[in-house]
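Predicted model only: the values in this text are computed from it and were never measured.
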Amino acid sequence: MAGVIQTTVRRSMPASLFRRARHRSPGLASGLVGGALAAGLGLAVFTVLVMLLWVSSPYPDSGPGGALHVAAALWLLAHGAELVRVDTLSGTPAPMGVPPLLLAVVPVWLLHRAARDTAEGGARDNAPLVPGRIAWAGVVLGYLAVTAPAALYAAGGALRPSGTWTAVCVPLVALVAAGTGVWTAYGRPSGPLEQVLGAVLPRGVRHLVLGPDGRPGVAARAAAAGATVLVAGGAVLLTVSLGRHLGETRGAFGRLTEGWPGWLAVLLLCVALLPNAAVWAASYALGPGFLLGAGTSVTPLGAQAAPLLPPFPLLAAVPDPGAGTALHGTVAALPLTAGAVVGWFVGRGSVTGGGGFRIWTTGRTAGAAAFAAGLCGALLALLAGLAGGPLGTAALARFGPVWWQVGLATAVWLGLTAAVTALTVRAWCLRRPFRRGGGERRPARVVAPRRRPVSPRPALRTRLPRRRLFGRKRERSAPAPVAEDEPYLLLDQDSDDRDHGGLGGLDAGAGPLGLRPRPVPTSSATNPASPRELPDLPAPSAPDDAPSPSAPGDTEPRPPA
């Protein structure tokens, strides 16, 4: 009997523990599956693309195993991990750390969707949301569970991922992308952002990044608009330069490869590197430029002769070596335009108060413009750091813009231009009526509201505190004193508004219009004064031309409001 009991307990304990863990952590299993599925889909996209190019190539250098190794390495490169090329002519491994920014969209989007769907769970069927931490941890762990064997498999190919960069970049991308997915599933609450900003920024600057309504603040919107203008303007500059060097661009395809499969592969690589080239062009317009190797800089003031580079089509847009001309100086219009856009956002926000409808002072407006320029500089520095990297050793050890130079130049350019523009827009908005909320009106602190003229009150009446009736203010006056032996009508003022449906000053037990007849007192001893009665007011002296007093029960007509 004891053996049967022990056997039953041993068999039931794992099942009960599993049910407890599942009850305490709902959504963990779905998070693990979602993260693993996101990693598998990302690998599948890169594998299909590489295998199609390998199959269509007329001279494949290796078998399908080599193509699969390249696909895994490119998938890790999309996360920002640096690759190492081992089959070089010199025998020295050469790093390749310029990640195509367009390829990073695939893993980031898949992680975001997986975390969002896991956190929502059965929310579409009116089910409760999965706890955010559990969904976040499940997706990240499931994603890393697939990343580890993929990195080990890619380490056996010609392009091997760096272990240090892989251990840092892939978990970081997974944490950030999955965190945004869970945040979106919960309706983008501002609480977590307020906690982070409260530990970093002072109280007076915090609302410039995150508004009181939970949306991005004035400085955050202005910085995002400025960064968008800079990157979009860089793409325009890149297109113009490629159009001017169209012959060299077309010749690079023929010198780099042959046949339409090779041209297609080069074209796809150029498309994946277009965001990188746009950031490089924006850095060129800002002044610091970019590097085409160690000690070889390209700026609007002049371009140095670059070392022997492969005939890549995007490199045909690089300006010719030599001193800069007036045509190269026209690129300064791009940072000036971005600064004007940032200043316009800050100037409009200074009048509307960024959601609080309070007008900022001149110093506060200029400070907000400078802060927005600093945020835009931080964004451009981040993009510049991601868009560049090494492409080899020695002369190719540094390739692309220098992130700190780009950030500093952006803050200086946009800080000066945005401050002047913000103050100008603020002065213009305060000078003329501006549209806010669908109508044109002036701010409340600039133009005082007009007051209606008040007609003079009769001299025989004493003003009492104004009360509200149906949301409208009106004057109430005390009746003239009467003799104690005459009954008179007294307006009850001590009644509670809640007892009369919001009609303040009307008694529930009174007659029409809340008027109550007062009984005639017999004597002061038998009928003491009620605490609800008003004290006797001295009768004011009536002028000679005043009309005869009316009956005590009559009420005078009320002047129009």
Side-chain angles (χ1 to χ4, degrees), residues 98-105 225-293 296-341 380 383-384 386-389 391 396 399-402 406 409-410 413:
V98 181
L101 294 181
L102 193 60
L103 296 181
V105 176
T228 303
V229 170
L230 287 174
V231 176
V236 173
L237 292 178
L238 175 66
T239 305
V240 172
S241 183
L242 288 175
R244 291 189 60 194
H245 302 83
L246 185 59
E248 299 179 9
T249 304
R250 295 177 58 183
F253 282 92
R255 287 182 293 174
L256 193 61
T257 183
E258 296 179 359
W260 68 267
W263 297 340
L264 180 60
V266 174
L267 179 61
L268 291 177
L269 183 57
C270 291
V271 172
L273 289 172
L274 278 179
N276 301 60
V279 175
W280 289 23
S283 175
Y284 177 82
L286 288 168
F290 51 88
L291 299 176
L292 291 179
T296 305
S297 61
V298 179
T299 63
L301 300 179
Q304 300 177 1
L308 295 177
L309 296 175
F312 195 68
L314 292 181
L315 294 179
V318 177
D320 298 331
T325 61
L327 183 61
H328 297 125
T330 57
V331 297
L334 178 58
L336 292 177
T337 305
V341 171
L380 262 295
L383 292 177
L386 295 176
L391 282 180
L396 297 180
F399 210 78
V402 183
V406 175
T410 304
W413 272 102

Applying side chain to side chain donor-acceptor pair (under 3.5 Å) as the test, list every pair that has at least one member in residues 310-335; sequence neighbours left out. Thr325-His328
Do you know which two heavy atoms are closest between Pro311 and Ala252, and how far apart they sit? O-CB, 3.0 Å
So Val402 and Pro288, do their side chains get closer than 4.5 Å, heavy atoms only? no
Which ring pair (Phe, Tyr, Trp, His ring centres under 6.0 Å) pairs, counting each pair once, include a residue from residues 228-271, with sequence neighbours left out? none
Atom pair OG1 (Thr410) and CG (Leu286), whose distance is rounded to the nearest 0.5 Å: 4.0 Å
Over all atoms of both residues, closest heavy-atom pair of Arg255 and Glu248: NH2-O, 4.4 Å
Quick one: are Val279 and Phe290 in side-chain contact, heavy atoms under 4.5 Å? no
Using a 4.5 Å cut-off on heavy atoms from C-beta on, say whether the side chain of Leu334 contacts that of Val331. no
Hey, does the side chain of Thr337 reach the backbone of Ala333 with a donor-acceptor pair shorter than 3.5 angstrom? yes
Quick one: which of Leu274, Val271, Leu273 gives a side chain to side chain contact (heavy atoms under 4.5 Å, CB included) with Leu102? Val271
From the list Ser283, Ser297, Pro401, side chain to side chain contact (heavy atoms under 4.5 Å, CB included) partner of Leu291 resolves to Ser297
State, to 0.1 Å, how close Pro99 and Asn276 come at their nearest heavy-atom pair, and which atoms those are. O-ND2, 3.0 Å
Over all atoms of both residues, closest heavy-atom pair of Tyr284 and Thr299: CE1-C, 3.3 Å
Take Phe312 and Leu269 through the side-chain contact (heavy atoms from CB on, under 4.5 Å) test and state the conclusion after the steps. CA-CA 10 Å; Phe312 195 68; Leu269 183 57; 3.8 Å; yes
In terms of heavy-atom contacts, Val341 and Ala225 come closest through CG1-CB, 3.9 Å
Name the atoms and distances for all side-chain donor-acceptor pairs under 3.5 Å in residues 235-243, with sequence neighbours left out.
{"unit_1": "Thr239", "atom_1": "OG1", "unit_2": "Ala235", "atom_2": "O", "d": "2.9"}
{"unit_1": "Ser241", "atom_1": "OG", "unit_2": "Ala317", "atom_2": "O", "d": "2.6"}

Residues Leu101 and Ala387: closest non-hydrogen pair is CD1-CB, 4.3 Å
